[in-house]
Structure formats: structure tokens, C-alpha cells
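The first residue in the sequence is number 1, and the count goes up from there.
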Amino acid sequence: MDTNFEAYSIPEFCVAHRISRATFYNLIKAGVGPRTMHVGGRVLVSKEAGAEWRRAREAASTTEAA
């Protein structure tokens with residue numbers, strides 16, 4: 001699967017970030033998931049939102065380890 005998109009569907013985002021859909025929805029529920037956008041009837045995660053989410057998760061991991 002080519003995962004080099006400007007915006008990911010939820011399944012594409014999960015594959016690209018090696019997380020399950022259940023984990024994705026648990027992260028959203030916990031308030032630490034990526035920002036999403038609604039386009040027509042689809043829910044997408046932009047490449048920028050994914051990058052921000054990764055940075056936030058990395059920062060949280062660093063803080064938790066300290």
C-alpha cells in the first residue's frame with residue numbers, strides 16, 4: 001500500500017503508523033489522537049496533523065520517562 005498521501009483515511013493512517021484502528025479510536029477518546037477533518041462523508045488525518053501528533057507523542061514519551 002502506498003502511504004505517501006497529503007491526507008490519510010483512518011485505515012491508511014493506522015497502517016502508516018503501525019497502530020490498530022482500536023488503538024486509534026482509544027487515542028481519540030483519551031484526547032491524545034491526531035486532529036481529524038471531515039471531507040464530504042470521510043474522516044481524514046492530514047499529513048501535518050499526523051506530524052504534530054507524532055511530535056506530541058514523542059514529547060509525552062520523553063516527559064513520562066523522566
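Of all non-hydrogen atoms in A49 and P34, the two that sit nearest each other are O-CB, 4.3 Å. What you find for C14 and S20 is that their closest heavy atoms are SG-O, 3.8 Å. Taking both residues in full, the closest heavy atoms of G33 and I28 are given as CA-CD1, 3.8 Å, listed atom of the first, atom of the second, then distance.
From E6, atom CD reaches atom OG of S46 across 9.0 Å, with rounding to the nearest 0.5 Å. Distance CD1/I10 to CZ/R42: 10.0 Å, rounded to 0.5 Å. We find the CD1-CG distance between I19 and N26 to be 10.0 Å, quoted to the nearest 0.5 Å.
Judged by distance alone, the side chains of S9 and E12 do bring a donor and an acceptor atom under 3.5 Å apart.
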Please evaluate residues R35 and V45 with respect to the criterion side-chain contact (heavy atoms from CB on, under 4.5 Å), reporting the C-alpha separation (whole Å), side-chain torsions for both, the decisive distance (0.1 Å), and the verdict. CA-CA 6 Å; R35 286 182 295 111; V45 179; over 6 Å; no

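Side-chain contact between M37 and V43: absent, with no pair of heavy atoms (C-beta onward) separated by less than 4.5 Å.
Under the rule for a side-chain hydrogen bond (donor to acceptor under 3.5 Å, both in side chains), the partners of R54 that lie at least two apart in sequence or sit in another chain are H17.
Between F24 and W53, the ring center distance fails the sub-6.0 Å criterion.
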